[in-house]
Enquirer: 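Have a look at this one.
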Amino acid sequence: MADVSLAQVQDWLVRAKDSVTEQRSYLTELDSAIGDADHGSNLTRGFGAVVDKLASQPAASIEALLKASGMTLVSTVGGASGPLYGTMLLRMGKAVGDADTMTATQLGEALRAGLEGVVARGKAEPGDKTMVDALGPAVEAFEKALTSGEGAATAATAAAQAAAAGRDDTEPLVARKGRASYLGERSAGHIDPGSASVTLLLEALAAALADG
Amino acid sequence: MADVSLAQVQDWLVRAKDSVTEQRSYLTELDSAIGDADHGSNLTRGFGAVVDKLASQPAASIEALLKASGMTLVSTVGGASGPLYGTMLLRMGKAVGDADTMTATQLGEALRAGLEGVVARGKAEPGDKTMVDALGPAVEAFEKALTSGEGAATAATAAAQAAAAGRDDTEPLVARKGRASYLGERSAGHIDPGSASVTLLLEALAAALADG
Amino acid sequence: MKKLINAPDDVVKESLLGVAAAHPELRVDHENRLVIRGDSPVNGKVGLVSGGGSGHEPLHGGFVGVGMLDAAVCGEVFTSPSPEPILAATTAVDGGAGVLHIVKNYTGDVLNFEMAAELAADSGAQVEAIVTNDDVAVQDSLYTAGRRGVGVTVIVEKLAGAAAEEGRNLAAVKEVAERVNGNGRTMGMALTSCVVPAAGKPTFDLPEDQMEIGIGIHGEPGRYRRDFAPASDIAEQLLEPVLSDMSFDSGDPVIALCNGMGGTPLIELYLMYGELKKILDGHHVTVARTLVGNYITSLEMAGCSITLVKADDEMIRLWDAPVSTPGLRWGM
Amino acid sequence: MKKLINAPDDVVKESLLGVAAAHPELRVDHENRLVIRGDSPVNGKVGLVSGGGSGHEPLHGGFVGVGMLDAAVCGEVFTSPSPEPILAATTAVDGGAGVLHIVKNYTGDVLNFEMAAELAADSGAQVEAIVTNDDVAVQDSLYTAGRRGVGVTVIVEKLAGAAAEEGRNLAAVKEVAERVNGNGRTMGMALTSCVVPAAGKPTFDLPEDQMEIGIGIHGEPGRYRRDFAPASDIAEQLLEPVLSDMSFDSGDPVIALCNGMGGTPLIELYLMYGELKKILDGHHVTVARTLVGNYITSLEMAGCSITLVKADDEMIRLWDAPVSTPGLRWGM
Ligand SMILES: Nc1ncnc2c1ncn2[C@@H]1O[C@H](COP(=O)(O)OP(=O)(O)O)[C@@H](O)[C@H]1O
Ligand SMILES: Nc1ncnc2c1ncn2[C@@H]1O[C@H](COP(=O)(O)OP(=O)(O)O)[C@@H](O)[C@H]1O
Ligand SMILES: [Mg+2]
Ligand SMILES: [Mg+2]
Ligand SMILES: [Mg+2]
Ligand SMILES: [Mg+2]
């Protein structure tokens, strides 16, 4: 089974940018129901900057690429999702280290590290109706697929499906973290915007690995 | 032919109050097209105060009654129409003098004096699209009816009809006085609110004299 | 209509209860609806009285205090007060040096202040009046009631107030007021209508893709309607009639007021001022002093106006003089 | 959406151009979107940095100046700024006595200020943070991200600013800020939604006969919706949760802020304050200082909030201390 290349990681982020840009209104719509109507524009701005950055300063390793992208997200997204997604990419880069390819196992470890970073920064628990509710199941599904002998591409597809399921499962939940938590019971009945963007990111990952 | 009594003059003002109160939205509507949407509430407040005043402090003469009413209008209406209608009643009272009845001729003189007061205070000329465009023709019609040998009641009816015609004739005019003048050409196509309230006042006068 | 009020007819009365509660340093005459400087009448100082319909706050009640007005007469919303309270205010602030009435040019205000001045003169008071008329939106002003008094009124009140505070006499204070008014020009615009409480609905309908240029401060329609445009365009449309009416590029210091109509957030007003300033720079107008904010409003109307006053060194000094009012305060 | 803007994405950037043009006494760092006190860093003075999403003006940029903030970090509308500009602000105002971050409790602000503080600490700066969380609308705050930081932030910035200006050290300035926050409670309500420029339409729909009680300052829905009611009712609904959360009837002097959300005219805010004051009097709350106006807003949202801070003599002295900022100025 082929390793995951630097080019594929870069392709992931380009696809992520295309996806959040295309789904900008959808994400903002979700955020206007239980947040402050900016998640779509936040991520469009952030991933746009990531892609610009990668175009102007090509990275020599996966670690460098993910770190530069994480820093760019932190510095351009603002809001809650900036530090969270930024931390995720920074931790992923650190986990992979200075290499230009990685194994599926390494990618799984990187995703796990990314999840841990998000939790360390945001202190959300499963069921708090945050991006963690999509990212957690996604990481588990990825690891489970590897255990069943699948490669990175198939595992990423499984992760994206688990993320989508996690996203949909946030709908009935009452939020306990982030802006939505201020709504109390009224946050139920809406999908969490961050769980929706996590799903887009994992779908982009699956697409990048499938085509790569 | 019967003279006009103090009671009839008082009845006029009570009917005037009922009429502007009933037509409050209509007057305000007209004023919102070319003014500031308050003519109905201004006059409702003002004539309401006049009637309250007359109820609590009955006047001993037509002069006293019209003066008290004029002062009350000045002090409760505010806006442009307060000093104008106030001055009208004050001048009418002065013209009649200290009596408790007046002849039709005296009423005609009083109306003429009232018109002159409005013109002295507001400096409007005929055709400027103001209350003068209803009041002027009304006074002329009143005088003309007397010349033809009619009594006060019939003359007042003629005056009310002339006021209504004057009111309708303000519609195509371009305003040159008051707030509406700020609109320039855009003031054309709307009836002047003050000409509409003058018409209500003269209709009230005709009714008071007819029933008296 | 959704407003933070009880009964529409009680708005002015009840708002003055709040003013009294929030500003113990001021005196509120609830019967006459006056906001009066706490230490009035100030012996030997020219008294400054302004007023008019309510709904333009902070003008005028918010400009009562040391270095500005001695009293404000608060009429019903958008309706001139009657002569009686104007007379009461005049008497309350007369410290023996005479009283200046600062009147915005609207027929109702002019007539009522005129009647009040006649009554005050009858009882021996020395009263002068300055009628502000800075609104360049009014064309053919010879054939109308004349230009309206708008934004420049704020600056007249500040500078005349400073002159009075310095102890100048009535003629001299009036001269300052006239100088400011004569050198001031304003143009305003609206994105939405205001809602007069007693009317209960918007005074005019303005479609979502239109704006009204050349408005006054009472929801009167403006000079023309046009397609809604970016701020940079609007800035051009506001400044063109101002700059073509009077030249401001003499090198004299200019006082600029970028005023909000009430419903426009400050972030937009600053953005507008940035656009206006670019154009002013291009026309070699040297802005020496600036105010950005809601100073003379039209209830919750969204929109703005720009006022320019061609000043001189003395006027700048009077501008900088200490002032302590709810709406304008510095130096003390 | 009708706003006085050009492109929605340029609102914050272009508004800062206007701030720079209107306030030569301030420094604007356009790259980092900072508003900085002109004489920063002040040697030996604790530096005060606040910031967050834009759209709440005058907070925070309008509170930069002597006696209040040293710098404000202006994020996109309703979006926390990133750590980079927060770090830049921290460095710009560090006069050697350390820097206090004043952060409103929103996840985004907290996370970004936290990351910035870590970075600043890495480069040797002494940074402390105070997170304001005064919004009693948030119930069960143990099970949520905690109470939001709203109106009390204005008062924290004023009092901590005065303490820093007096030359107190970082720990002492932070203590003042914590004292104010700990003794402050706020409750707000909305009559209409705001419109975020990038979204282009109202964040929420509020029918003509409804109001939203317990809102934040970002167009988040509130605690509950109810039929639109008279001002006196609304005053009750705002004060009940405030007064039942903390007692203000100890006889200690109270600072009251009757704050407009942006689109409500001043005449209504004063009316509301009159209603609030009646209730406060009935509860034996002794209001010693009052502010009525737009201080922490939510773009053009119509509505208001009430903040009470139970103060002490020292806090009142710090409140009265001179301050000179675009949004709050007295004593100088
Ligand atoms: N403490 C947290 N832990 C994890 N995720 C969080 C946390 N707080 C917020 N989020 C996520 O961030 C999303 C909101 O992001 P965004 O709208 O960009 O930021 P903001 O709320 O500052 O406007 C939420 O939908 C949620 O998924
Ligand atoms: N100079 C004037 N002379 C005569 N009538 C006038 C003059 N100015 C205004 N009016 C009349 O006053 C009416 C408006 O009254 P009103 O709405 O009560 O006062 P305001 O214009 O102050 O709101 C106008 O419709 C017009 O008929
Ligand atoms: Mg958001
Ligand atoms: Mg009118
Ligand atoms: Mg009026
Ligand atoms: Mg946000």
Side-chain angles (χ1 to χ4, degrees), chain A residues 24-25 27-29 31-46 48-49 70-87 90 118 120-125 127-131 174-187 190 194, chain D residues 8-9 52-53 55 73 75-87 106-116 119 135 137-148 193-205 214-225 298:
Chain A
R24 176 179 174 153
S25 332
L27 294 173
T28 292
E29 198 81 22
D31 199 29
S32 85
I34 56 171
D36 60 350
D38 64 1
H39 194 54
S41 25
N42 288 349
L43 294 191
T44 300
R45 187 174 55 248
M71 285 307 296
T72 302
L73 281 187
V74 168
S75 68
T76 56
V77 170
S81 57
L84 292 167
Y85 277 129
T87 302
L90 289 171
V118 168
R121 181 66 60 209
K123 314 209 169 43
E125 290 175 22
D128 281 357
K129 194 176 182 123
T130 69
M131 54 172 68
V174 172
R176 298 192 174 194
K177 277 283 178 295
R179 288 180 197 288
S181 69
Y182 300 127
L183 295 181
E185 302 292 334
R186 288 165 75 184
S187 61
H190 300 277
Chain D
D9 288 344
V73 191
E76 285 299 313
V77 172
F78 293 174
T79 298
S80 169
S82 63
E84 222 166 70
I86 302 173
L87 176 62
Y106 293 95
T107 305
D109 289 328
V110 171
L111 297 185
N112 283 288
F113 270 89
E114 240 172 54
M115 288 189 89
L119 293 171
D135 189 355
V138 178
Q139 296 167 298
D140 303 325
S141 50
L142 288 179
Y143 304 97
T144 64
R147 287 183 165 171
R148 296 172 290 218
S193 172
C194 50
V195 178
V196 176
K201 53 179 185 163
T203 307
F204 57 88
D205 288 317
I215 47 124
I217 52 172
H218 302 88
E220 314 94 311
R223 207 200 256 196
Y224 58 82
R225 257 174 209 202
S298 185

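Chain A is the first sequence line, chain B the second, and so forth, proteins listed ahead of strands; every chain is numbered from 1.
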Enquirer: Let's test your reading of the structure: which of A33(A), G178(A), A180(A) forms the most heavy-atom pairs below 4.5 Å with chain D?
Expert: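 It is G178(A).
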Enquirer: Tell me the closest heavy-atom pair linking V77(A) and G46(A), and the distance in Å.
Expert: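 Heavy-atom minimum between the residues: CG2-CA, 3.6 Å.
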Enquirer: Can you tell me how far OG1 of T44(A) sits from NE2 of H39(A), rounded to the nearest 0.5 angstrom?
Expert: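 Reported to 0.5 Å precision, the distance equals 9.5 Å.
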Enquirer: Sort out for me which of A80(A), G79(A), S41(A), S81(A) touches chain D most, counting heavy-atom pairs under 4.5 Å.
Expert: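 Option with the top pair count is G79(A).
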Enquirer: Can you tell me how far apart OG (S187(A)) and CZ (R179(A)) are? Round to the nearest 0.5 Å.
Expert: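 Those atoms lie 14.5 Å apart.
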Enquirer: Taking all non-hydrogen atoms of both residues into account, name the closest pair between D109(D) and G53(D) and its distance.
Expert: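 Nearest heavy atoms, D109(D) then G53(D): OD1-N, 4.1 Å.
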Enquirer: Which atoms of R223(D) are under 4.5 Å from chain A, going by heavy atoms: the side chain, the backbone, both sets, or neither?
Expert: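 Only the backbone of R223(D) comes within 4.5 Å of chain A.
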Enquirer: Determine the option with the most heavy-atom pairs under 4.5 angstrom with chain D, choosing from G40(A), S75(A), S25(A).
Expert: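 Most heavy-atom pairs within the cutoff with chain D belong to S75(A).
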Enquirer: Among D9(D), T107(D), T79(D), who wins on heavy-atom pairs under 4.5 Å with chain A?
Expert: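 Highest number of heavy-atom pairs under 4.5 Å: T79(D).
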Enquirer: Under a 4.5 Å cutoff for heavy-atom pairs, which residue among D128(A), T28(A), V74(A) has the most contacts with chain D?
Expert: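 Among the listed options, the one with the most contacts to chain D is V74(A).
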Enquirer: Heavy-atom distance under 4.5 Å to chain A: side chain of D135(D), backbone, both or neither?
Expert: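 Neither part; nothing is under 4.5 Å.
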Enquirer: Just verifying a value: how many Å separate F204(D) CZ and R225(D) CZ, rounded to the nearest 0.5 Å?
Expert: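 Going from the CZ atom of F204(D) to the CZ atom of R225(D) covers 6.5 Å.
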Enquirer: So which heavy atom on K129(A) is nearest to which on H190(A), and how close?
Expert: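 The answer is NZ-O, 2.6 Å.
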Enquirer: Quick one: closest heavy-atom pair of P83(D) and N112(D), and the distance?
Expert: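 Between these two residues, the closest heavy atoms are CD-OD1, 3.1 Å.
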Enquirer: Identify which part of F78(D) has an atom lying under 4.5 Å from any heavy atom of chain A, answering side chain, backbone, both or neither.
Expert: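 Both backbone and side chain of F78(D) come within 4.5 Å of chain A.
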Enquirer: Which region of E29(A), side chain (C-beta onward) or backbone (N, CA, C, O), has a non-hydrogen atom less than 4.5 Å from a non-hydrogen atom of chain D, or is it both or neither?
Expert: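 Answer is side chain: those atoms of E29(A) sit under 4.5 Å from chain D.
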Enquirer: If we define contacts as heavy-atom pairs under 4.5 Å, which of M71(A), R121(A), K177(A) has the most with chain D?
Expert: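 Winner by heavy-atom pair count: R121(A).
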